[in-house]
Every structure is written in C-alpha cells, then in structure tokens.
Amino acid sequence: MPDGAQPVLEVEGLKTIFRTRGGEVHAVNSVSFDLKPGELLGVVGESGSGKSVTMMSLIGLLPSPPAEVREGKVLFNGLDLLKCTPEELRAVRGPGVGFIFQDPMTSLNPVFTVGYQLREPLMKHMGMDKKAAQVRAKELLELVGIPDAERRLKDYPHQFSGGMRQRVMIAIALACDPKVLIADEPTTALDVTIQAQILELVKELRVKLGMAIVWITHDLGVIAGIADRIMVMYGGQIVEQGPVAEVFDKPRHPYTRALLKTVPSVRGERAPKLSVIEGQPPILRAAPSACPFRARCAQAFARCEAENPARFPVGPGHDAACFWDYDAGAPRTTAEAAHV
Amino acid sequence: MFDTAGVKPLIEVKGLKMYFPITAGVFRSHVGDVKAVDDVSFTIFEGETLGLVGESGCGKSTCGRAILRLYEPTAGSVVIDGQDVLGADQGLLRRMRPKMQMVFQDPQASLNPRMTVAAIIGEPLDEHTTLSKAEKLARIYELMDQVGLNRDFANRYPHEFSGGQRQRIGIARALALNPKFIVCDEPIAALDVSIQAQVVNLLEELQDRLGLTYLFISHDLSMVRHIADRVAVMYLGQIIELSPRDAIYAEPLHPYTQALLSAVPEPDPEAEKTRRRIILTGDVPSPANPPKGCNFCTRCPKVMDICRVEEPRLTEIRPGRFVSCHLYDETAGATAAPGATPSNNNTAIQQGE
Amino acid sequence: MTDTSSTAVKIRPPRSQWWDVWDQFKTHKGALIGLTIFVIILAAIFIGPLIWDMAPTYVDLRARNKGFSLAHPFGTDQLGRDILARMLAGGKVSIAVGLTAMGLSIVLGTFIGVLAGYFKRLEGPLMRLTDLFLALPLLPLLLLMVTLFRDPLSKSFGPEGGIFLLIVTAIGATSWMQTARIVRGEVLAIKEREFVLAARSIGTPAHRMVMRHVLPNVLSPIMVSATLGIASAIITESALSFLGLGFPPDFPTWGRLLFDAVDQMQLYPARVILPGLAISLTVLSVNYIGDGLRDALDPRIRGR
Amino acid sequence: MFTFTLRRLMIAIPTLLIISLVIFLLLEAAPGDPLGDVPLTVPPEVKAKMREALGLNSPWWVRYILWLKQFFWVEPVHLWDALFGTHFGDGMQRVISFQSRQPVMQIIAERMPQTLMVVGLAYVVGVLIALPIGIISAYRQYSWFDNIGTFVSMIGFSVPTFFTGVVLIIVFAVKLQWFPSVYDTTLKVTDAASFWAQVRQMVMPVTVLALYNAAQISRFMRASMLDNLGQDYVRTARAKGLTEKVVVLIHVLRNSLIPVVTVIALGVPTIFGGAIITEQVFKVNGLGQQLILSIHANDMPMVMTLTFIFAILIVLFNLVADLLYGILDPRIRYD
Amino acid sequence: MKLRTALMGAAASLALAPAAFAERGSDGQVNVLYWQAPSTMNPYLSSGTKDVEASSLVLEPFAGFDETGVVIPRLVTEVPSLENGGISEDLKTITWHITPGTKWSDGTDLTADDAVFTYEYCTHPEGGCAQEARYEGIEKVEAVDPLTVKITYKEPRPNPFTAFTGATSPILQKAQFANCLGAAASSCTDQNFMPIGTGPFVVTEFKTNDVIQMIANPNYRDPAKPAFSTLMLKGGGDAAAAGRAVLETGEFDYAWNLQLAPDVLAGMEAKGKGKLVVGFGTLVERIEMNMTDPSPALPEGERSTAAHAHPFLSDIRVRTALSKAIDREILVEIGYGQAGRPTCNLVPAPAMFASDNTDCLTQDVEGAKALLDEAGWTDSDGDGIRDKDGMKLSVVYQTSTNAVRQDFQSIIKQWWNDIGVEVELKNIDGSVYFGGDAGSPDTFQKFYADVEMYANNFDGTDPEPYLAQYTCEKAPKPENQWQGENINRFCDPAYDAMVVELGKTGDIEARATLAKKMNDMLTKDSMVVVPLVDRGRVSAHSNTLGGVVLNTWDSELWNASDWYRMK
C-alpha cells in the first residue's frame, strides 16, 4: 500500500438510481473515493446501503433498466468508465477490474465446465488459443489452491463444494491479472472454517500479484483481519472512511460506532445484552437532503434534519460525515469545511 | 449453569438417527445411506437454550427438524415434556404440535408469499384453536406487539418487509400457540449484523418473559455464545462436543471445536494481526461415505492412528463436558493435555485436500 | 426493493384485498384493453339478443345470401338466417364451451397435478394416467360418450344442454394433461419451500396445506394454462365440427359458423371473417386479461 | 443413467399393456361398425357374413389377446423377416386393416414418409422460428418486437388450421397459382426439378403447421430466457468482459434451452400422430389422415395399432425428455 | 328388346369414339380425384362405392350398363336375352359367350373358368364377400366350354342381370386368386391391390386411401385405347377441395361426387377451367316416418318395434300433413341446384318404373293445417304447438351429419313449426348412423326417432330387391339384431303379396306396372316414405378431358377407356 501513489481507481460524485413502479430509488448518492494500487479497501454497510450497487455501477454491471447511473466520474487509470462505449467497458472488465460475487452457488454457469468458464476470459482478453488458455486455467486453479487442477477443469460447478466454488470464482476474477479486484461479500455464504481458508488465500495472492482489492462485507471481523482502509456506507453514501486501525479504534460516525458495538465476540467479555441499532435503514425516494441516519441516531439534532452532512476530516486519512464532533464532544460549527 | 440437577429436563433425545437411503440399480435396491444425523443424544432442560453449532451440511438443521418430526427419523427417541414424539400417531402428533414450534432460517422462504401477515400469524390459531374472528384478531395483534411489529402491518404481505421484520413474523407465528419449546433453525443467518442483534435480543426477551426453551441452531459461534446456555458442536452428523457455554468458549476440547473457534475473525485489527488461526484443510467429507473411525480424522490436525480405526464415543470427561475424541480416552488422555493450545506445525496454513 | 421505511407508518384503511388486485390490474394496459373487449363481447352476447331479438334459427327463404343491410346488419346465410343473430347465439355457446371446458380441464389438471406432485406415492400412477390420456384418441371417446350419455343427459338437460355437456366434458377430459404436468412440476418445487415445512410444523393437515399453501402459489402457471385453455377449447370445438362431430346444426357456435363458411369463402368472405375475428378477439383478450390477472394476483408484483 | 433408463423401460411395459387394454375397450365400446361404409344396397345377411369374416363374432377378450399376439410377436417376426430375408413369419396372421385387408404396418410404413416430411419439417421449422423469436422477445422484454411477437403468436394459436389452410390455398394455389393445392405423395425426388416440385408442394402445409407450432414454443422459450436472464451467472459472464452476444447466446441460451428442449421432445410424438386437419386440407394423406379415416370407417385394428404406437411414442419421449434433461443439465444425475 | 339394346350399345360406343383414331397411350397422363380415397381394388372386399369405381378401371364384368341404364356387353359377344336364346324360356338359366381373344392384362386368355371361380370366390361362406347379393339365388355356375358360361338359378329369374353385370360383380382371374378363397381372402394383399384385369388400365402402385397409379393395359381389347398412357387416382380431402382442384386450379382432370352447395359449385365452374357433369340415377333423399313408437319410456326391446304403434304418425293424416308442408323445389334449389330434382317417388328411374306421381310437388300449408285439424290435433293451450288428449305434436327428426342435410333439417323444421308441429333435430355421425352397430341407439335402423332422413338407391336398373325391403318381416327388431331393411316398419299384407308376385312376374311391362303400384303404396297412398329429392351425381372434369359421360347405373369411370385429351 504505497502512500501517495497515483490511485488506480478514482470515483467522484457517483449517483445511481433505480426506477421502480413506486418511483425512483436513490441507491447511491454522491459517492467519492479512490483506491491506490495494491491497497485493500474494506467496504461495510447493511444490505441496501448501496455498497454492491456502487461497485457494480463502476463497470456497468447493473441491469439497465431499472438501474441508471445518473452522474459522476469513474477514472480507471485515467479512463472515465462512465463515458466508455460498451465495447471499451468490456475491455476493462476482466483485465482491468475483476469481480467476485457473493453467492458461489449461483454465480457460476451450471452447464459449463469450470475449465470452459475459466478459459473464456483468457481467450477473449489475453489473446490465447484454447490450448494456451487451458494451461493457464490449470495454473489459475492451482494458484487458488484447488488440488488436482488438471482433472477438476473438466468438472461442472455443482461438483465443487461451496468453498471450492468460491475459489473458482476467484480464479476467474484473477484470470486476466486485473489491476483491481472487487470482491462482493465473497465469504458471507461460507462457513467460518472455509472463510478462514479464503481469507488466507486472498492475503497470499495479494502479496503475490500486487493488485488493489475492494472487499465488500458486512462482517467487521473480516475487515479487521485483512483491510488497509475501511469505508462505511449508509443510505447510499459514505459515512466514514479511514485506515482500518484508526476507524476501529476511533470511530467518528455514530453509525460506525453502533455497528462495532452490535458485533458479539467469541473471545473477551460476553455482554449480557447485545446492543442494537433500532429501526430500519431508509429507502431513499429522493436525493437525501438530511442525514440519512438521523432517525436511528442517538446524537441527532436539528441540523441533522436540515442538512446532509458532508465528510469532515477527523484524523489522518480519516473522515466522517457527521455534524457531531466526538473529539470536541459537541456539534460542528457551520463554518467548518468538509474535505470532500 | 453447570448445575442442572434441580432443573427438569424438557427434551430428551436419545440415539437419534436420520438416514436418507441411497438407492441404485434397476430395482432401486438400497445400497447405502446419507447419514445426516447419526446417533445423536442430548437433553435440554426447561428454560434453557442449547446452541447447536457446526458447518453447513453437518446435519444440525436435519437434527432440529427430526426432533420436531418434520422428517421421519430412522431410529432413536425424542421425548418432549414427557411425551414421545417419534412414537406418536398423526392425531396425537398434531395435538402435540402447539407445544413445540420452529423458527426458520430464511424468513423470506418460510413465509407464504401469498398470505398476509395476519393470516400467517393466525394460521396456527386456525389449526389448533376455536377462537372467534375477533378473538383471533386480538391474539394476532397481541403477538405482533410482542415481537415488535406495528399492528398496521397486519394486512401486508411478507415481501413488503425487511429481513428482520420478516423474522419477527416468523417468531410471532411460532409463539401463537404458547409453545414450551422452540427450535430456532439458523434464525439470524440471513440477516444483517445490526438486525441479527435485534432478533437475538427479542428471542432472549421472549424466553425470559414466557419461559421458553430453545434449541438454537447456528453456524455463528459468536451469536451462539451470546444466547446459548450450553453448546453442542456437530460434525458430520454427530455431536463431537457438548459443554456449558463459558467452558467451551474458554477452553474448547475437541480439535474441531478449537479450529472452529479459531477461525472466527475478530472485529479488532490489532487482535487480528496477532491472532493464530487453525486453518483446517479441505472440505467436510460426504455424509454418504463418512471416513472410517473418527469422522474428523481426515481433517484433524491432531490425528492419531487410532482415530482412523476406531470411532470415538461422546463421553463426559469433566462434569457437564462431553467430548467425542480419542485424545481424551482414558488410555490416550495422558499423551495430550486437555485443552492444549493449538501450536504445532500441523496447523499451518494449508489449502487443498 | 421494499417500500417500508421505519419513518413512514401508513395506516391503511381496512379494505378487501380484491381492491388491491384491481388497482394492480388497472396498471396493466394490455389487460385493461383485453378486459374492455371481453366485456363488450360478453355484453353483446348476453344483452345483444335482447335488443336484436331475431331468432338465430329462423329461416327466411326469401332473404337468402343477402349482404349487409339494415334488416340484416351482418347479412344472411344460405338459408336466410340472420348472421348477426347467429353470431350472438354462437358466441354464447363458444364462450360457454371455452370457459367450461377450460374450467374442467384446469380443475382436473390441477387436481391431478397437485396430487401427483404432493403425494410421492401417487406420482407414478398418476403420471402414467396422464400418458394414457395423452394417447387416447378424442374422436372415438367422444362417440362413445355420445352413445352412452346422450339420452340420459338429454332427458335431464334438454337435447342442447346434453350435447353441450358432452362436448365440454370430452374436450375438458382430453386436455388437462399439459396442465397436470406443469402443475406437478411447480408443486414439486413448492413442496421444498420452507413455508410448507413451516406449515407442517404447525400441524397443518395435507388438504389444508394444499389449499392454503400450495395452490395459491401455483396460480400463475395455472392462469397461463387457463387462458391458453379457453383458446384451444374454442378451436377444438370448431375442429370437431370439421371432423363431423360437434354441435347440432341449429345450435350455432363460432367454430361451426367458421367451418360452415369456409367452403363459401370466395363468395361470401364476410361469413368467414366475422366468426374468425370473433374467435381471435376473444382468445386475445382473454390472454391479456390472464397476463394482467397473473400479475395482479401476485402480492409480490402488486406491491411494487 | 443406464439403470435409470432400464428401470423406466421396465415400468413402461405394464403401463403400455394397461394403455392398450383401455384403448381396446374404448374402441370396442364406441359405437359404429366397420361396415358403415358399405352401401345400403348390400343386404343385411351379406353384412352379417362380412362381419363374421372380419372376426367380429368372437368375444372381445379373444380379439384383444389375438391383437396383442399379433402386435408383439407376429409383427416383430415379420420385421425381422423383412430385414434379413428370413421366413419365420410365413403363415402367421399379421394385424390386418378391416378397410383395405392390408397389414396395418404396411400402411403405416407407406404413410410415414409424407407425415415425417411434412409434419416433421413443420415442427422443425416451427422450432427454428420460435427459438429466435423467443430469445429476442425475452432479451428485449416489452419492446415492440416482444409485443408484436406475443400478438402474432396468440393469433397463430387462436385461428384454426382448417381456416388458415384454406386461405393459403385460395391465395397461393387458386389466385396466384404458385403452389399446388394437392400434395402428390408419389413424387420421388430424383433431380432438381422434382426436388423443386417437392419443395413447392410442401410450402403451404409446412407453413400452416409451423406457424401453429412456433406460436407455442416461442412462448416457452421467452419465459425460460426471462428466468435465466436474471440469474447471477449472467452477471458473472458480463463481469468477465464477454460480449452481449456471448452472454446471451451462449451462457443464457444454453441454460434456457434445457426446459425448452424437453418441451420440444415431449412434442415429438405429435409428429407421428400427424396433423389430422392440415393433412386433410392439403391432401397430404399421412398418418393423421389415415387415423381419422379409420376412425370414421371403424377400422378397429388400424385405429388400435396407430393409437398404440402413438402411446408407445408418448411414453418413450417422456423418457427421452427426462434423459435429455439429464444430459443437458450436468446437475441432474439419474441413478 | 335385345336388338335395341345391342344397337344402342353400339351406337353409344361409336358416338363416344372420336378419339378412336388416336394411338394407345398417346395422351400422357390423366389425373382423377376421389375425395373419399379407395382402400382396395377388389370390389368383393370393398367397403364402399369408391372402391368399386376405382376397381372398374381394371376389373370388368361380362356386361355393364350405359348412361341410360341399358345393359351393354363388355367381355361377351352379346347381351343374353330370350330372343337370342341366352336366357332360357323358364327364366332359370342365362348363358354368356365370352368374346374370343379377350386377354387378361398379363397376356393370358380370359376363360369361363375365371367366371366360375369368381362365383365360388364370392359365395365362399368364410370370405365375407360384399357383393354376395349379386350371386344370390344361383344354383350353379358352369363352364360349358372355355368361352361359355352358364348360370342356373333355383327359381325363375325375370332379371338375371346381377351376376357378372355391372361394376360390382366383375370377373377375377382364377390364376391370381386361386389361393385367396374364403378366410385367406384378406391376406391376399397383393392380389387385392393389384388385380389382373381386362380393363383399360393396370395398377402399378397402390397406396391405401391415398393414391393409385395405373398404366394403360397393353392387352386391352381395343388396340387404340385407352388414349392415356398413365392414370393417377388420388384420394383425400373434401368435396370443396376436389372441386377446386379441377375447376379452379386445373391440377386434376376429373373429380368425383362434388356434393357442394349449388352457389359454391357455380362459383367454381365460373372460373372456367372445367365443367360440371350431372347424371340422375335412383338415389332419393327421403324422410321415413316411424310407424312404431320410439318413446324412450318404453322398455328396451320394445322401443321402435311393432309392439307399439306410433302415437300419432300411425295416422295417415298426420303423415300427409307433414309431407304437404314441405316445398321440395326450394330444398332442391338450396341443397342441390342442378344436381337434384324434386320427386314424389321412391323409384324415380328408370323411366319405365317411375310412377307419374307428382301430387306432393306443390307445398300446401293450409291443406296440411286442415288435415291436422281434421285429425283432431289443435293448439288448445295456445303455445303454438298442436296437441290432442294431452299429447303434444312433437317429433324428433334425425339424420346423419352432413351440411346439406342439416340445412334441410333447419328448413323443414321451420315448415313443420308453421303448421304447429314441434321439431327436435338430431344429427349423428355418419359412421355411427349408417354403421348398423346393434349396440348403438343412434343407427338409422334402430330409428329411435319419429322421422329420419337419408338417401338410398338400388343397384342396377331393377327395383325389385329395393321394393322388397318394405315387407313386414324385414322390419329391424331385436330378434334380427336390428339388421332389417324395412326402416319405417311399414306393414301391409297386400304389399307383401305384391312383393311375392313381383318375384314371379317375368313380363317387363307387368313388372313395371306392379313396381309403380308398390311405389305409390309406400309414398302417396300411405306417406310412410316421404321422398324429397331425386339426387343426381355431380362430377367435374377439366376442359381438356374429352369423352366423359356420366353414368349413374354403373361405375362413373365406366368409359375411361374412351377418355382422351382435347388439344
């Protein structure tokens, strides 16, 4: 995670909406962030907080209709992905950005062999012929730790266990040596022991291949173990962002704080009662004009109703979108400048 | 909590087996079984929560369903509140149903999408009571209040709710007939972290208020730690460890339990950096073809020769602590100190089979 | 996407869910047009004869083969019978045949499909029964039924009612197999859903399980079969006319009118076009109504 | 897979026996008499003798068992003889049509080519039209193409073939004189000219039937495509940077075809059943026309044999559909 | 008479032979369309007219009928008669002399043995011969010499032209059919499909119910005939399609039996590709009145039997009234056009047997009403339906399913309604109605209705067997499995006596007188049979097909050897 390097991915003011019969739903609202080469960015948030939608918006993977990327800029190595033709975008998918999805059971095509599905991107993007692709596919399977790779290439997805299938997904995502790997809840559907295997694998591969990774999850434990930086999303926007140790140590958004508290631990003290965040996350029918978290926030005050907070710097590389200044123990003044 | 002497056992499961036959050939001859639940015995005391943990496919859900006789078990006995569940005929079983209820894993799938909330919660009432329409509605509202659902939602359909609210509907349905015993089959697995806490708190609150007994099936060890009084760990259809909660989390005895606990990530970057994990190799073997000897011998970091030959039995090695492992055999016990911290080379990161 | 927000607590007036169904139905343009056309057809058929009270079987030998005129808006046929009156009377029978035969085939198909899908032990025998019916030739069956039941049915329902029942039964009894197959497949899938298990944990007995949990959830494939069923029943009835069975001649149906006029297509094209149009319009409108109804009956779509 | 097939075939035997009995009893009980076509000028005594000569005087079960023997034993022996030039079957009484006194199997063999040619080709053409329509309709759901496709297929479904057939004849055979209105079954394709003649005479019946078939299959295809377009693996394929063509025509199509192929397989027996009305309208004189003729003439052995072969095909193609499912979908394993 | 017959036969063949100068096979192919397809070429095993007609192209009898019903020689030197000694004085024997040199299509000679064999073939008790009636009453058939056949009857036979006369009793070749006697008849597929004959054509390919391919017979007795080298006889479709193929598209040269609405036919003919030909025979569309009670209330076995007389149709005034209400002219106009003519007779032809009864031709609604009033049937309760003693004048009127018949039903129903008779219509699938299945309630023989409509005719030119159907004992009843021919259960000892007398009368004039009298007894005197239309045959031929002469007494294809292509 070399500091100061040119970001491989820069996102600015991304807005994505869904058209539904009930009207528009604002799923992603003015999201901006960047990703440096080799960095592992953890993204957390509840379902519906917009974390997957944000990432899929980047490379046009959302079905349209109903989804529509309204505005924003997504610079990948200087190329604005939102302005790309479908053909240019396809060239980015795979060699530029690899994707791993949550459910390994449904994300692989059930009727093609794993080998076929692995060869496909290789032949499309890397200009390999079938033979070369086959060799590379075998290497990839070995890379993600699937034993007996040669033989397994001929197997169908259903012949793999969940963990193994997720490894295959990773192998597919890695096939074209992507600069950025986006992993959308890759271990949520897996057992802890398998999750542990996958996490170790990713750590290892990251060192080996040196790509930037965006890791979406709602499990703070996973983030704590592997991420360099964490980004907390709520209501379609980033509410807090910073180095992982810093954020876990000094969360500066009430949502992050609450989230950290709700997680029970297998070690340490056992709390007599779990703390909860009461209520439900909002569905945004319009671009938010107030803090989306205000209804569930203990700290909320008048300004939260009137204005959607921008992200204020709260530490080194750490910012939070909250009008409450925890360090000062008081609301921020209106004059204070937001940093993004 | 160790002392269970004065408390009455509510559920007694003995030698429960749930085999799904495998047939082959032209005449569909019986060639083997998928041993989803293989000789499981345990007791749950009144007012207690027994956590049943294990990886997917280990048979924990099947076990929960077999206890309520949603499947017809192959062998064994289940006695709930003095009544034999497995021996009951259909009529008797139906009359026993109100006493034992279930909360399901997927709140989306377990609610009929074409029924309103009121109809879903009212269904058990239709089946087992003769309440008038008004009485029934009153009861439904009462239940909705109990689980924290707005009464106005009564006429809505399940898809209009979020996961947590759906699970509340499922809980309200389970509560409708004032059961004594509820099997919670992974009730929080499909929910977000913040919502999980809400549901678990609700379950605990209801237990306190209504004196319920839970069998809490989950793969989330941290949640089980929170809610369960005792914890049973299943692996490949068998219980390999059964202990009071604090003991098992403080000092897991079975190598599998140790690995399981070590794999749970901690939401603390500092701790995570230093934490040692036992990475188990490979996948769980197929329950249709379990390994000879100890079921865990193929993945066990401390495997011994005897493990591949002889099947260990679940034995009480300390008061209230049951383990099924040769490490704690009278004879072998000397070689491995109970509760030995996993530290040898065998636990290094490994992938593959 | 859900529209529930913790902040918005809407108190819904307690109204029947059929209003919701109607609200959703209204949003489906095709369905609305279909319904309008179907209502117009129904109105024409049931109210029409009250206004246009010429008897469809009245033979006016002086007015044979007349074109469109005020006295006979749709002209007359080779016996001088008023075609408008015959169309109206024919529509009544055709739609009744379509609806009744479809109803019968849907009920049979659903019943057998549900039994086969829900009760594993019945699956084999019932699916073999389906094969049997697929293989049964319709015509000898119909002839046999006419022989066995025409007289008793004529006695109880009159000669026209009797033959109506026979034809409807024959069409219904030989067209349920497709529905049964589809329903069985769906039931097999529904049976594995958790809410069925949930109902079992409550102790819901099998018959209520089927009525409450299984049937409502196989509604949409049944709806599709039903709309197609009306079409094929109307067509089958006309095919029976073509093969020399079907209704008596003084009992006009659209299919029969169409068939009778095919020979004279070149001389009197209107006589072919009118019943052809009527059949197609009915089938199309029913199909679109079915589409809309299927969406409207599904609370998941309704809520969107 | 093999044992599954074997097991299903074994179950099929009693099933088919029961089906044959039911069909026999149905035909037996149905009114009508094989001598219905004999002119009224033939006196009743002669008719009685003719009836006797047809074997109609023995009880039904004797005739049923005789038919079983003829169908399951004599006919295979004759087939063997015909194939290998042996003479085991000489002197054994085959299943004989009442109407023509010809072995029923000969008639069937005679008519099979035109039925397969016309009805079979129509089925193939129907499928070939239906698949692209279904695919495009689903991919562009609610587009004008989809709406028109729905509309046209409903029309195709709602207009009887005796109507469309006659319209085609009047337009293309009578007015334009492009195609013949009568199908010539004796035409043998030997050169380009006869091939062209064969094509010309097949155009209209094939069109009528193909439209009817396409209407149904395109609906299935559309529904199946819609199911699969929403699946996760489609997103994976797109994430790999594959073109839409590959995503839709390889990934989605391959999955969507699984249920459609089985539906198509289940429809194959109807080809052998022939198309009663279309064959009649265009005088194709295939199996469908033979069946209806025999029914009208109360030609019991003919109807019985045709219907039973149809039943065998239905049972067989049920099995084929299941096996296809197993072959196409690697997740399904029968054993 | 014999002279006249012979002369006429010769004249006919001369008149029809403008193509006689042409060479055999010079005109290529002729296409014939039978919308009911032939299923066999052996008329003895046939199930219908279509087969008999198809086989007449190949198989020939000794003698046939021409278009006027006169017997003409085909394979014999002359038609036997009393004058030429061919028929014995006692009317018991008839002797045929085969024309010397007549050859089968395989080149062998036709001999008297073939005729003897044919007789044996058809009268074999296990053969199920459809034409056995043609050989009824024969004591023996002998080959006097290779070219002479002598038939001896048990009783004197005034009309001996049944055996070996007309398309229904042609000669089979003994050599070919020797192994096909009795039960073996049905397994002789090749013989039945490709019989060796003496006719103008030889079968080369036979596809059951589909198509028959023929080529000219190289050994046909007239070396210049037939003009066509090949003939295709296609079956299938319906009458409209057949008409279209000849009259509109010109794909076929000849189409048989175009039973279509007159305006449709006229429209087709207007296309100018072909012509319609019409011929009248003895086919009469009639309504039969049930003289017995068909009430379903009666126990099975007594319904429609002589046990109970019909409650009102047994009254001649009711029957007459029903007949008077009908306007036959209009029926013809709507249903048959030029292919039909109104008639009041059961036997409309040949001319010598046809009664001059025309009373019924004018509709008389008032007369009908008056008759019913007179019979005591009045509309006492004002519902428009006459009644008497609490019984309504209501009839069930059944017929087979057929477009024209249904039109007739509708019209007649209305006419009867006009005179205060309630009518319930019933139509039954033809294969059931005419099927004669004793188990079915819907056969025309069972007559479980008050009136029914169908058409019937007789074979050849002699009405004797036809008229003999109406004797008391021939009424269908359970005892004879409902197989009788006296459909209306008419029973009059006087009539029965006349049937016996007719059987004994040899004199042709006396026979004619007797037959006319019997015809009148059934029709105008008793009105048990209400004839409606004398139905002609309508066929169509293309403008380029010459030599077509429609013959209703024999096969329609009787003179196919004379057909030629007009250039």
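Just so it is clear: chains get the letters A, B, ... in the order the sequence lines come, proteins before strands, and each one is counted from 1.
Interface remark: D/Ile258 contributes side-chain atoms only to the contact with chain A (heavy atom separation under 4.5 Å). Only the side chain of A/Ile172 comes within less than 4.5 Å of a heavy atom in chain D; its backbone stays farther off. Proximity to chain A (any heavy atom under 4.5 Å) is shown, for D/Val234, by neither the backbone nor the side chain. When heavy atoms are compared at a cutoff of 4.5 Å, A/Met56 approaches chain D solely by way of its side chain, counted from C-beta outward.
Counting non-hydrogen atoms of neighbouring residues, nucleotides and ligands closer than 6.0 angstrom, the CZ atom of D/Phe145 exceeds 12 such neighbours. Other residues, nucleotides and ligands contribute more than 12 heavy atoms inside 6.0 Å of the CZ atom of D/Phe72.
Among D/Val246, D/Val252, D/Leu229, D/Ile250, the residue with the largest count of heavy-atom pairs under 4.5 Å with chain A is D/Ile250.
In terms of heavy-atom proximity, D/Pro330 sits nearest to A/Pro110 at CG-O, 3.1 Å.
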If the cut-off is 3.5 angstrom, what donor-acceptor pairs do you find between chain A and chain D?
{"residue": "A/Arg93", "atom": "NH1", "partner": "D/Arg238", "partner atom": "O", "Å": "3.3"}
{"residue": "A/Thr106", "atom": "O", "partner": "D/Tyr233", "partner atom": "N", "Å": "3.2"}
{"residue": "A/Thr106", "atom": "OG1", "partner": "D/Asp232", "partner atom": "OD2", "Å": "2.5"}
{"residue": "A/Ser107", "atom": "O", "partner": "D/Thr236", "partner atom": "OG1", "Å": "2.6"}
{"residue": "A/Asn109", "atom": "OD1", "partner": "D/Asn255", "partner atom": "ND2", "Å": "2.5"}
{"residue": "A/Asn109", "atom": "ND2", "partner": "D/His251", "partner atom": "O", "Å": "3.3"}
{"residue": "A/Asn109", "atom": "ND2", "partner": "D/His251", "partner atom": "ND1", "Å": "3.0"}
{"residue": "A/Gln117", "atom": "O", "partner": "D/Lys240", "partner atom": "NZ", "Å": "2.8"}
{"residue": "A/Glu120", "atom": "OE1", "partner": "D/Lys240", "partner atom": "NZ", "Å": "3.0"}
{"residue": "A/Glu120", "atom": "OE1", "partner": "D/His251", "partner atom": "NE2", "Å": "2.7"}
{"residue": "A/Glu120", "atom": "OE2", "partner": "D/His251", "partner atom": "NE2", "Å": "2.7"}
{"residue": "A/His125", "atom": "NE2", "partner": "D/Lys240", "partner atom": "O", "Å": "2.7"}
{"residue": "A/His158", "atom": "NE2", "partner": "D/Pro330", "partner atom": "O", "Å": "3.1"}

